[in-house]
Amino acid sequence: MEFSDELECGDEGLLSPPHTHQRTILHLDADCFYAQVEMVRQPELRDKPLGIKQKNLVVTCNYVARSQGVKKCMWLKEAMEVLPELVLVDGSDLTHYRRFSTQISGVAQSLTHRVERLGLDENFIDVTDLVDEYMNATGSSDIEGHVFGDKEPVSMDLVDPCGCGCRERLVAGSLVAKQLREQILKETGITVCAARSIPGIGSTTFSVLKDLGISTVQELQDVPLKLLRTKFDSETCSRLKEVSNGIDETSVKKSGKAQSVGLEDAFTKVNSVAEVKVKYQILLERLLKLLREDGRVPVSIRVSVRKFDLAKRFGHRETRQTSISSSLFPDGVNNVGENTRSSLMKTVMGLFQKMVDTSKDFHLTLVGVAFNKLIERVRKGKDISSFFGKRTREETTETYKYTTDNECKRLCVPLSPEKSSDGHESIREFEQINMDKLNDKSLLTSEPLDPILELESTDCRRVDNNTEDSDLVLKGIDPEVFRSLPEEIKQEVLKTHACPDRKSLTQTPSTSPVKTSNQAGVISIEKSGTIESNGSGHSGSKQLWAPR
DNA sequence: ATGGGTAGT
DNA sequence: ACTACCC
Ligand SMILES: Nc1nc2c(ncn2[C@H]2C[C@H](O)[C@@H](COP(=O)(O)OP(=O)(O)OP(=O)(O)O)O2)c(=O)[nH]1
């Protein structure tokens, strides 16, 4: 977790115009997220080198594996060469990760509604109100202590040269951060840490910067604008310059419900309509399940393919979309009948054939389907009057039929900032935190990654299904079609139809599994070398992207 | 690459 | 419909 507040205000040049430093924003990032989820689900994986695999890719791995040379997004083959004893768990189905992710954001949302999600494992949390309340309640002169980095304590004396009050904000904010991390660990078993990134600077931007010879925050600050302009438009340049000086006025935007919900399946080759149908059918079934959890009704569907293309083989997808008749979900999304399913499948295949001429040879490497516009459930008949009748005045703007989430958001902007009752409880808890007294140490530490245990090797997991002996009745799939399918596809069909969820998430982490769990988070300060750390910025004391 | 997302054009 | 960006 990162606590973002102005750190660069020691630079005199930045003091005009004066910063008021009014916001306090936390930036949370779960460590090796998918791997951690699997370790919570299967604690025996804890001390083994664990890789999360999707097809031929190891998308992430735990720190045990990282210490042995496994990298994120490494080819499976390469990873197994580097570390033959790597234990693999398939992470193609994001269901569990999605659930943990929702849970993590939920803990943050119990503090404030001002929570913005980024991907499954990052959250921006605007805790300004909580911090203000805390400071008003205690009097800022009573707020003393240290802010902790992930590993090293950081002296507050060194981070508040500007005297605008941000020092107290930093301390109070770090207390919120600490408590939030502990609560997330308690409720989900997941440890979160300082985000080591600056929003808006991901791997793409970083590699462009690198080509310009820019790898550190300092270098980004110093680079001539003209040089930047050769690679970025002027708006991006301004943003880059600002964030390099720790300035980011972007507001934390509440992430309501998703704008779209979709699923993809990638593979090396699919070239028959029968296979395509099966792929879409499986995706659609899974998607309807997701939809049920979402609760909204889809009004638009999008189908995508990726065609094999040796020449211009950048990750190009084609998509086609169409609207969905509201009559397909007369009772909402909870019970979707066979008619609706087959109608959706027809729609999907219709869209598919707009992209692929199935009378000729084709070679696909991915199919996908998404509901890309969703609305709150439509009430009908009697329900609609009671629906309207029960609403309070403030809520009535929500009740338009067929209002999309976006439109709804615009209409529902609250007139006054909300205060959660949770906030007060939290404030009380802050007061119980006993601040450690710690020696001031150098701010400019670049610590190595955590020490990681050496471990014994373990077998890779493998599942072999035999499809010959099964006479399963497969929902919605013609047995003759099934028999005609390639063996791989059969396997997949059997897997998705025969394999219910394994474990529930109710277990709690037995012991605090990881090292840093009692520390608040974070102000990371640049050592000199890499772009890995820098704290700064009022809304965004972030570092540049840190490849690890 | 893989399996998702967001926003802008 | 597609692009560029994010995780
Ligand atoms: N399939 C796929 N998944 C990704 C990609 N980037 C990130 N993820 C997933 C896997 C990660 O566990 C999760 C969070 O991404 P992060 O970039 O924060 O990495 P992670 O948390 O695994 O490791 P970290 O400890 O932050 O270095 O999102 C990607 O390009 N493809």
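First the proteins, then the strands, lettered A, B, ... as listed; each starts at 1.
- Nearest-nucleotide mapping onto DNA chain B: of Val261(A) and Thr365(A), the residue sitting toward the 5' end is Thr365(A).
- When the nucleotides dA1(C), dA1(B), dC7(C) are ranked by their closest atom to the side chain of Arg320(A), dA1(C) comes out on top.
- Nucleic acid contact for Glu264(A): base, since at least one base atom lies under 4.0 Å from a heavy atom of the residue.
- Contacts of Arg317(A) classified as salt bridge (charged side-chain N to carboxylate O under 4.0 Å, His left out), with partners at least two apart in sequence or in another chain: Glu264(A).
- Between Met74(A) atom CE and dT2(B) atom P the separation is 17 Å, expressed in whole Å.
- Between Asn372(A) atom CG and dC2(C) atom C1' there is a gap of 13 Å when expressed in whole angstrom units.
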Derivation and outcome, side-chain contact (heavy atoms from CB on, under 4.5 Å), residues Phe362(A) and Val276(A): CA-CA 11 Å; Phe362(A) 59 91; Val276(A) 167; 4.1 Å; yes
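- Closest to the side chain of Thr319(A), out of dG4(B), dA1(C), dT2(B), is dA1(C).
- With rounding to whole Å, Lys55(A) atom NZ is found 13 Å from dA1(B) atom P.
- Under 4.0 angstrom from either OP1 or OP2 of dC7(C) there lies no side-chain N or O belonging to Ser101(A).
- When the nucleotides dC6(C), dT6(B), dT2(B) are ranked by their closest atom to the side chain of Ser260(A), dT6(B) comes out on top.
- When the options Glu488(A), Glu492(A), Glu285(A) are evaluated for a salt bridge (charged side-chain N to carboxylate O under 4.0 Å, His left out) with Lys279(A), the one that passes is Glu492(A).
- Lys55(A) pairs in a side chain to side chain contact (heavy atoms under 4.5 Å, CB included) with only one of the listed residues (Leu76(A), Asp90(A), Asp265(A)), which is Asp265(A).
- Distance CZ (Phe100(A)) to C1' (dG4(B)): 18 Å, rounded to an integer number of Å.
- Within the 4.0 angstrom heavy-atom criterion, base atoms lie near Leu57(A).
- Considering only the side chain of Ser197(A), dC7(C) comes nearest among dG3(B), dC6(C), dC7(C).
- Between the side chains of Thr60(A) and Arg66(A), at least one donor N or O lies within less than 3.5 Å of an accepting N or O.
- In this structure, CG of Leu290(A) is placed 13 Å from C1' of dG5(B), rounded to the nearest angstrom.
- Note on Leu366(A): nothing from the nucleic acid sits closer than 4.0 angstrom, heavy atoms only.
- Contact between the side-chain N/O atoms of Lys253(A) and the OP1/OP2 oxygens of dA7(B) is found at a separation under 4.0 Å.
- Here Gly200(A) lies in heavy-atom contact (under 4.0 Å) with sugar-phosphate atoms only.
- When each of dG5(B), dT2(B), dC2(C) is scored by its nearest atom to the side-chain atoms of Glu318(A), the top-ranked nucleotide is dC2(C).
- Distance Phe267(A) CZ to dA1(B) P: 13 Å, rounded to the nearest Å.
- Residue Arg117(A) is out of contact with every strand shown, counting any heavy-atom pair closer than 4.0 Å.
- Shown for residues 224-236 of chain A: no residue has heavy atoms falling under 4.0 angstrom of DNA chain B.
- Residues Thr128(A) and Arg23(A) have side chains that never bring a donor and an acceptor to within less than 3.5 angstrom of each other.
- Residue Ser203(A) places none of its side-chain N or O atoms closer than 4.0 Å to OP1 or OP2 of dC7(C).
- Between the CZ atom of Arg302(A) and the P atom of dA7(B) there is a distance of 13 Å, given to the nearest Å.
- At a threshold of 4.0 angstrom between heavy atoms, the contacts of Gly262(A) are confined to the sugar-phosphate backbone, with no base atom among them.
- Distance from the side chain of His316(A) is smallest to dC2(C) among dG5(B), dT2(B), dC2(C).
- Pairing each heavy atom of Leu364(A) with each of Lys307(A), the nearest pair is CD2-CG, 3.9 Å.
- We find that CZ of Arg317(A) is positioned 11 Å from C1' of dG5(B), with the value rounded to whole Å.
- Comparing dA1(C), dG4(B), dC7(C) by their closest approach to the side chain of Arg286(A) singles out dG4(B).
- Using a cutoff of 4.0 Å between basic side-chain nitrogens and carboxylate oxygens, Asp211(A) and Lys231(A) are not scored as salt-bridged.
- In terms of heavy-atom proximity, Leu485(A) sits nearest to Ile489(A) at CD1-CG2, 3.9 Å.
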